[in-house]
Amino acid sequence: MPSNAPTRLRFAPAPTGFLHLGSARTALFNWLYARHTGGELVLRIEDTNAELTRPELIDNIFRSLEWLGIDWDGEPVRQSQRGHLYDDAVERWLDEGRAYVDDGAVRFRVPDDGVTAWDDLVRGRIEFEHRHIEDFVVRRSDGSATFFVANAVDDLDLGITHVVRGEDLVNVTPKVIMLRQALGAADLPVFAHLPLIVNAQRKKLSKRRDDVALESYRERGVLAEAMVNYLALLGWGPPDDVEVRPLAEIVALFELSDVNPSAAMFDPTKLEAINGEYIRAMAPEAFAAAIEPWVRQASWGEELSVTELAVVAPLIQERTRVLEQTPAQLEFFFVEQPVIDADAWANVMGGEHAIPLLTGARAAFESCDWRVEQLHRTLAAIGDDRGLKLGKAQAPVRVAVTGRTVGPPLFESLVVLGRERVLTRLDAALARCG
RNA sequence: GCCCCCAUCGUCUAGUGGCCUAGGACACCACCCUCUCAAGGUGGCGGCACGGGUUCGAAUCCCGUUGGGGGUGCCA
């Protein structure tokens, strides 16, 4: 096909439940190529199986694609509404003797000799000898057409130029090609079979074993931009080694012929790393707004004001990889008394310095200026007196006030908490020390 | 069993015969910075599965071996 011919791609999910990570990647690559070439992407719901036509499942696909920012051109095509086209095709093959009735079903006649082959854009030439392909069912005994028929008819009827789908569909391709030819088509679409996404065991991601629902990553607080960016890296890599970058740049760089054919492992750790990068790049206000839904779910989060959230959010932004971490990070600000981590307590309160440090801080904090620099200097001086660096000296205070040894910057946190609550917590810790 | 595919650091990738004593990212380790943790900086560890060809020259081409995966429904 001439390089300037308009491209038309399709994403054709079966509504079998939530959108699967693998499907999302397929959708993305179709979308990337359509946008890269200035072509069109049609969304085709493959619901030929009557049991799979539940509307809520289709809505879920729409929602997930919209979340990712993958849009499509024109109205979605529902295969369940195009049965007559498939029926006509089967009738025609029956009339022409290309198909025959077998035990109530209709099978397509596959020649004994010859091969069906195509030049796959990502895997090169693939050939299937006809003698290895059985006469396959095109119409079930209940009268409905099978997937092969719907696929061949729709790709032709919709004017699809590029068929981009998962590698697990390679073996159905010769059947679809034969059907397309039997429909009278002179040409073939360009096929590109994408590498599988696999788990750590190198097996195809499955609903049973793996966390494959796109939704579940969203619920954990993975940003759509980060998810799209990461998914684009599974089977494709930018030539300039810049992995984390705006979608527009990925669209500009993306080529199907650059997709590599070997399976790619889905690595949640790298996803989170990229997500963290996107989180850090957010404007502070945007971050505060983004974490609100998660924070609200905490028992203490319901009556939280956006003002309070805006004050505290910047303290944890660069420490956040997924948004669901944020309630735990912020809790000590908003509960009456922090939950004291037993290990943290044991680690810092056992030594000879803990009580004097707490006592000293308690006394000094009663009257010092309640500002970051002043608090910093005050605690540093108390540590100095005992020959301790600030790193050591701050630990008991941190555990007393936040309950843990790690967390947002201490002095900023003290300022936010206010003198009164800090003194109360120091007293509580002292009491606990006995 | 049969059919099809795949093979560069642990992982994702760059690489399309000489620029490669193989580059980047995640992870890991060390150091620096530092009020903890992060973030950031610097450095390190670590790979062309193996064997034959082709070629002046191979991670790149061909063949084989081994290993892995996908498909084998009147599911899609």
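These values consider heavy atoms only, across backbone and side chains, with no hydrogens, waters or symmetry-generated copies. Naming convention: chains lettered A, B, ... in sequence-line order (proteins, then strands); numbering from 1 in each chain.
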(request) Using a cut-off of strictly less than 4.0 Å, decide whether Arg398(A) has a side-chain nitrogen or oxygen near OP1 or OP2 of C35(B). (result) no
(request) Taking only Lys NZ, Arg NE, NH1 and NH2, and the carboxylate oxygens of Asp or Glu, determine whether Arg125(A) and Asp119(A) approach each other closer than 4.0 Å. (result) yes
(message) Between Arg44(A) and Glu46(A) (salt bridge meaning N to carboxylate O under 4.0 Å), is one present in this structure?
(response) yes
(message) Taking atom types as they are modelled, would you say the side chain of Arg319(A) forms a donor-acceptor pair with the base of C37(B) within the 3.5 Å cutoff?
(response) yes
(message) Under a 3.5 Å cut-off for both contacts, is C2(B) paired Watson-Crick or G-U wobble with anything, and if yes, with which nucleotide?
(response) G71(B)
(message) Just to be sure I understand the rule, does Pro261(A) reach a base, reach only the sugar-phosphate, or reach nothing, if contact means heavy atoms closer than 4.0 Å?
(response) sugar-phosphate
(message) Once hydrogens and angles are ignored, does a donor-acceptor distance under 3.5 Å link the base of C35(B) to the side chain of Glu412(A)?
(response) yes
(message) Partner lookup for G64(B), please. Criteria are Watson-Crick or G-U wobble with both distances under 3.5 angstrom; report none if nothing qualifies.
(response) C50(B)
(request) May I ask you to decide if the ring planes of Phe411(A) and His376(A) are parallel, tilted or perpendicular, using 30° and 60° as cut-offs? (result) tilted
(request) Under 4.0 Å between any heavy atoms, over every strand shown, what does Val198(A) touch: base, sugar-phosphate, or nothing? Just pick one. (result) nothing
(message) I'd like to know if Asp241(A) reaches the base of G23(B) with its side chain such that a donor and an acceptor end up less than 3.5 angstrom apart.
(response) yes
(request) Measure distances between side-chain N and O atoms of Lys270(A) and base N and O atoms of A25(B), and say whether any donor-acceptor pair falls under 3.5 Å. (result) yes
(message) Using the ring centroid of each side chain, check whether Trp31(A) and Phe11(A) are separated by less than 6.0 Å.
(response) no
(request) Go through A14(B), A76(B), C5(B) for me and flag the one nearest to the Asn260(A) side chain. (result) A14(B)
(message) Can you tell me whether the side chain of Glu243(A) and the base of G24(B) have a donor-acceptor pair closer than 3.5 Å?
(response) yes
(request) Kindly indicate whether the side chain of Ser141(A) and the base of C74(B) share any N or O donor-acceptor pair separated by less than 3.5 Å? (result) yes
(message) Between Tyr217(A) and Asn275(A), is there a side-chain donor-acceptor contact under 3.5 Å, judged purely by atom types and distance?
(response) no
(request) Counting heavy atoms from C-beta on, name the nucleotide in A76(B), C6(B), C35(B) closest to the side chain of Thr48(A). (result) A76(B)
(message) Of the options G68(B), C2(B), A76(B), whose atoms approach the side-chain atoms of Glu46(A) most closely?
(response) A76(B)
(message) If you only use heavy atoms from C-beta on, which nucleotide in C12(B), G71(B), A76(B) is closest to the side chain of Leu233(A)?
(response) C12(B)
(request) Check every strand shown and say whether Glu127(A) touches a base, only sugar-phosphate, or nothing at a heavy-atom separation below 4.0 Å. (result) sugar-phosphate
(message) Checking base pairs now: Watson-Crick or wobble, both atom distances under 3.5 Å. What partners C35(B)?
(response) none
(message) Could you check whether the side chain of Asp103(A) and the base of C74(B) have a donor-acceptor pair of N or O atoms closer than 3.5 Å, going by distance alone?
(response) yes
